[in-house]
Amino acid sequence: MPAAPATPQAYLHSLSRWRGIEIAFWLATLLPFFLFPDYLALASQIAIAALFALSLDLILGYAGVVSLGHAAFFGIGAYTAGIFSKLVWGEPLTGLLVAAALAGILGYASSFIISRFRHLTLIMITLGLGLLLHEAANRAHWLTGGSDGLQGVSIWPVLGVFKFDLYGKVAYTYSLCTLFIVFLCARRLINSPFGLALRGIRENWVRMPAIGAASRSHIRKAYTIAAILAGVAGAVLAQTTETVSLESISFQRSADVVVMLVLGGAGRLYGGLVGSVIFMIARDQFSGIAPQYWYFWIGVLLVVVVMFLPNGIIGGLSKILSRWGRK
């Protein structure tokens, strides 16, 4: 077995080092361009779902903050990008920044409530906040379109050159590039002293202040960052599809992203990415086989994974590889 790093700095440096399997994973994301050109629209949706799952993993997997209303920030990002492009400016990168800023402001404001509670109380609060925003979006028909969805969204070409096409090439490229850039930021954040503090808060929220890590302050920061990332994911969805519906801010979307994390493995960085790939492909295939019963098979898949791989697919693979390393 390799020797443990001698210092915390060396340990963090070892975590930040890129491994061959990571490079292979990101190279594999280019395969849809060559092997599955007819499924680029689905690939774009997978990239957006992975970005959303990555945002939730930051607070659920690393800080232990369970949220059933995370779609609130996703929906805020989607509606902000859609409304901004419709009424103000159709340039996508500007809309992305505006959506991220508004989602971050909402996340920061709500983080003062979130950081005060844990466990079941926290679950109910996040669920309630999500349902409130969903109903607010439904009532504000004059702005959001209500149950009819936001119409008239028009996105300009990316960088003034690349226009979103029906084949999904630009949409997938845009979604994948956004995911990769956000992933790099999240990876740097997780493999930092702040990331280690979040892990400590997840394990023992009460004792962390004794070693100088203010639990509530760290949770507020993590929750705000997670809200920004979720807002970016929602904005990318609105820009690549040029439409926004109430589904983007619904409880169903919040529940789906939790399922993605459970499948892939929460607190694993790549868990949300792998879980989103499995969930989205499974949903696409199951809905094609039995449109009215596809969620039944998702439930079966979830039960099987939880029973045999309680730490998710990434956790199970890590355990297998560690056993091989000991031999």
Side-chain angles (χ1 to χ4, degrees), residues 44-63 65-84 95-111 113-115 122-123 125-134 136-137 175 178-187 189-190 198 219-241 244-261 264 266-267 269 271-273 275-276 279-280:
S44 176
Q45 296 296 310
I46 292 174
I48 294 169
L51 178 53
F52 187 32
L54 183 64
S55 71
L56 181 63
D57 196 24
L58 184 63
I59 55 174
L60 175 58
Y62 288 94
V65 177
V66 183
S67 174
L68 286 181
H70 203 56
F73 306 113
F74 185 93
I76 287 295
Y79 275 112
T80 300
I83 295 171
F84 185 81
L96 202 65
L97 294 176
V98 173
L102 191 58
I105 292 172
L106 179 63
Y108 179 73
S110 59
S111 69
I113 301 174
I114 300 300
S115 62
L122 179 59
I123 294 175
I125 289 175
T126 56
L127 175 60
L129 290 174
L131 293 176
L132 283 173
L133 282 175
H134 179 272
S175 303
T178 304
L179 171 63
F180 184 66
I181 293 172
V182 169
F183 176 83
L184 291 179
C185 297
R187 190 178 188 274
L189 183 69
I190 293 303
L198 291 182
I219 288 176
R220 287 198 298 269
K221 294 175 184 176
Y223 197 77
T224 302
I225 295 172
I228 292 174
L229 301 189
V232 169
V236 173
L237 177 65
Q239 292 173 342
T240 54
T241 61
V244 186
S245 67
L246 283 176
E247 191 273 336
S248 65
I249 202 170
S250 66
F251 168 75
Q252 186 66 58
R253 188 171 288 272
S254 293
D256 285 348
V257 74
V258 174
V259 172
M260 293 176 196
L261 276 183
L269 196 58
L273 277 62
S276 63
F279 179 87
M280 296 296 288

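The shown structure was predicted, so the numbers you read here are calculated from the model rather than taken from an experiment.
Between L246 and Y79, some side-chain heavy-atom pair lies under the 4.5 Å cut-off. Side-chain atoms of F74 and V257, non-hydrogen and from C-beta on, never get closer than 4.5 Å to each other.
Listed by chain and residue number, Y174, T178, V232, A235, V236, Q239 satisfy the side chain to side chain contact (heavy atoms under 4.5 Å, CB included) test with L96 (two or more places apart in sequence, or in another chain). For Y223, the ring pair (Phe, Tyr, Trp, His ring centres under 6.0 Å) partners two or more places apart in sequence, or in a different chain, are F73. A search for side-chain hydrogen bond (donor to acceptor under 3.5 Å, both in side chains) contacts involving S44 returns S175, not counting sequence neighbours. Here I123 pairs with V66, L68 under the side chain to side chain contact (heavy atoms under 4.5 Å, CB included) rule; sequence neighbours left out. Listed by chain and number, the residues in a side chain to side chain contact (heavy atoms under 4.5 Å, CB included) with L129 are S110, I114, I125 (sequence neighbours excluded). Here R220 pairs with nothing under the side-chain hydrogen bond (donor to acceptor under 3.5 Å, both in side chains) rule; sequence neighbours left out. With sequence neighbours excluded, no residue forms a ring pair (Phe, Tyr, Trp, His ring centres under 6.0 Å) with F251.
Within the structure, side chain to side chain donor-acceptor pair (under 3.5 Å) pairs that include any residue of residues 250-259 comprise E247-R253, Q252-D256, Q252-Y295, D256-Y295 (at least two apart or interchain). For residues 46-55, the side chain to side chain donor-acceptor pair (under 3.5 Å) pairs, not counting sequence neighbours, are S55-H70.
Of all non-hydrogen atoms in V258 and S67, the two that sit nearest each other are CG2-O, 4.0 Å.
Here the side chain of Y62 pairs a donor or acceptor atom with the backbone of L269 at under 3.5 angstrom.
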